[in-house]
2 protein chains.
Amino acid sequence: MADRRPRGLRDLDELDAVFSALSHNTRRHILQVLHTRKGSMTAGELAACFSHSWPTTTRHLGVLVQAGLITVRPDGRERHYVLNRERLTAALDLWLPSVGLGSYRQPRPDPS
Amino acid sequence: MADRRPRGLRDLDELDAVFSALSHNTRRHILQVLHTRKGSMTAGELAACFSHSWPTTTRHLGVLVQAGLITVRPDGRERHYVLNRERLTAALDLWLPSVGLGSYRQPRPDPS
DNA sequence: GTATTGTTTAGCGAGTTCGCTAAGTGTAGT
DNA sequence: ACTACACTTAGCGAACTCGCTAAACAATAC
């Protein structure tokens, strides 16, 4: 069933999901690692990069997926997590102008 | 006494402070309101914009100040809070490149 | 089938966050 | 001095977060 909330509200929720996801250092780090590895890694490879237990990493991945910052592609018994930069730029483009900063793609120098 | 940690570590802490501060909807909203009001407002004006109790808003302001996203200028018995956009752009410039997105001021189109 | 490998789910405990109300601090006005 | 105003600090409770371990699941290998 479709989401029946008006567009604006959904945006706010999605913005909240993105910023909340980015608020934890480990999750930001996951995105970085994903980037250096060409944007796609299995859960195991990712988990091996961190000192946390594997389930802990799994949960962080879940938060990132729900925020739309990564997507998951199952392949046999592996799961490949893929970086979704567009989601990040979309969130920035949506929010930055509201604090006077121009969208990510079209920044204006702040009039200090 | 000065902070004796090496520059890189301090950056990471500051980045964490900024992203943590931005993770709460109310705090993002405070920055927006501050922007629409020319970047400077008293605590009372700010508090009046939200349905929360004044002390709750005060605490949010404290988080934003500590993250460096706003600064405070006492004036008589008022306190003027001032938007600090530079801090935000600095955080973006520091972090975005690490996930393949070009700094805020010099974005490259993501190579989708 | 059974075992093994890759990964998630369940559930717990410590710590943090975020709302509140009540009390405190400091400046200005009379 | 005393009152009023602007604002913060203290402290509480409910909810959430984040780490863990143990158990479950799902796909491949034997």
Side-chain angles (χ1 to χ4, degrees), chain A residues 12-34 37 39-84, chain B residues 12-34 37 39-84:
Chain A
L12 281 191
D13 282 359
E14 296 182 0
L15 202 62
D16 199 55
V18 168
F19 276 109
S20 295
L22 292 178
S23 73
H24 200 281
N25 191 43
T26 299
R27 287 190 293 261
R28 290 194 304 274
H29 205 146
I30 286 175
L31 299 181
Q32 290 179 291
V33 170
L34 222 30
R37 297 288 225 285
S40 176
M41 290 170 78
T42 69
E45 289 171 331
L46 241 356
C49 292
F50 296 89
S51 49
H52 300 136
S53 71
W54 189 330
T56 293
T57 302
T58 290
R59 186 161 47 188
H60 283 309
L61 290 172
V63 172
L64 289 169
V65 166
Q66 209 149 1
L69 291 169
I70 60 179
T71 54
V72 59
R73 179 174 54 80
D75 175 22
R77 57 185 161 185
E78 294 178 338
R79 274 160 169 261
H80 293 265
Y81 285 95
V82 182
L83 185 55
N84 182 15
Chain B
L12 281 192
D13 282 358
E14 295 182 2
L15 202 61
D16 199 56
V18 168
F19 277 108
S20 295
L22 293 178
S23 73
H24 200 282
N25 191 43
T26 299
R27 286 189 294 259
R28 288 195 303 275
H29 205 142
I30 286 174
L31 299 181
Q32 290 179 291
V33 170
L34 222 30
R37 298 286 225 286
S40 175
M41 289 170 80
T42 69
E45 290 170 331
L46 241 356
C49 292
F50 295 89
S51 49
H52 300 136
S53 70
W54 189 332
T56 294
T57 302
T58 290
R59 186 160 47 188
H60 283 309
L61 290 172
V63 173
L64 289 168
V65 166
Q66 210 148 0
L69 290 169
I70 60 179
T71 53
V72 60
R73 179 174 54 81
D75 174 24
R77 55 185 162 183
E78 294 177 340
R79 275 160 170 262
H80 293 264
Y81 286 94
V82 181
L83 184 56
N84 182 14

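Predicted model, so just to flag it, every value in this text is computed and none were measured. Each chain gets a letter, A, B and so on, in the order the sequences are listed, and its residues count up from 1.
- Listed by residue number, Arg59(A), His60(A) are the residues of residues 57-73 of chain A with a heavy-atom contact under 4.0 Å to DNA chain D.
- Taking the side chain as every heavy atom from C-beta outward, Arg73(A) and Tyr81(A) never approach each other to under 4.5 Å.
- Between the side chain of Gln66(A) and the main chain of Val63(A), no donor-acceptor pair closer than 3.5 Å is present.
- Within the 4.5 Å cutoff, no side-chain heavy atoms of Asn25(A) are placed close to those of Phe19(B).
- Between dG19(C), dT21(C), dC18(D), one nucleotide has an atom nearer to the side chain of His24(B) than all others, and that is dG19(C).
- For dT8(C), one of the phosphate oxygens OP1 or OP2 lies less than 4.0 angstrom from a side-chain nitrogen or oxygen of Trp54(A).
- At the heavy-atom level, Tyr81(A) lies under 4.0 Å from the strands shown only through sugar-phosphate atoms.
- Arg28(A) places a side-chain N or O within donor-acceptor distance of the main-chain N or O of Leu22(A), the cut-off being under 3.5 Å.
- A sub-4.0 Å separation between OP1 or OP2 of dC20(C) and a side-chain N or O of Ser53(B) is present.
- When the P atom of dT7(C) is taken as reference, atom CE of Met41(A) falls 11 Å away, rounded to whole Å.
- An OP1 or OP2 oxygen of dG6(C) is reached within less than 4.0 angstrom by no side-chain nitrogen or oxygen of Thr42(A).
- For Arg77(A) and dT7(C), a side-chain-to-base donor-acceptor distance below 3.5 Å is absent, hydrogens and geometry of angles not being considered.
- Using a 30° and 60° split on the angle between ring planes, His60(A) and His24(A) fall in the tilted class, from 30° to 60°.
- Across the protein-nucleic acid pair, Glu78(B) atom CD and dG29(C) atom C1' stand 15 Å apart, rounded to whole Å.
- Side-chain N or O atoms of Asn84(A) include none that pairs as donor or acceptor with a backbone N or O of Leu69(A) at under 3.5 Å.
- No donor-acceptor distance shorter than 3.5 angstrom exists from the side chain of Thr56(A) to the backbone of His52(A), with no hydrogens or angles considered.
- With DNA chain D read from its 5' end, the first of the two nearest nucleotides for Asp75(A) and His52(A) is the one closest to His52(A).
- At whole-Å resolution of the value, CD in Glu45(B) and P in dC5(D) are 17 Å apart.
- One can place CZ of Arg79(A) at 10 Å from P of dA26(D), the figure rounded to the nearest angstrom.
- Asp16(B) has its CG atom 16 Å from the P atom of dT17(D), to the nearest Å.
- The nearest whole Å value for the distance from the CD1 atom in Ile30(B) to the C1' atom in dC18(C) is 13 Å.
- Distance, Leu22(A) CG to dT17(D) C1': 16 Å, rounded to whole Å.
- Regarding contacts with the backbone of dC20(C), a side-chain N or O of Thr56(B) is found under 4.0 angstrom from either OP1 or OP2.
- Closest approach to the Pro55(B) side chain among dA22(D), dA22(C), dC7(D) is made by dA22(C) (side chain taken as heavy atoms from C-beta onward).
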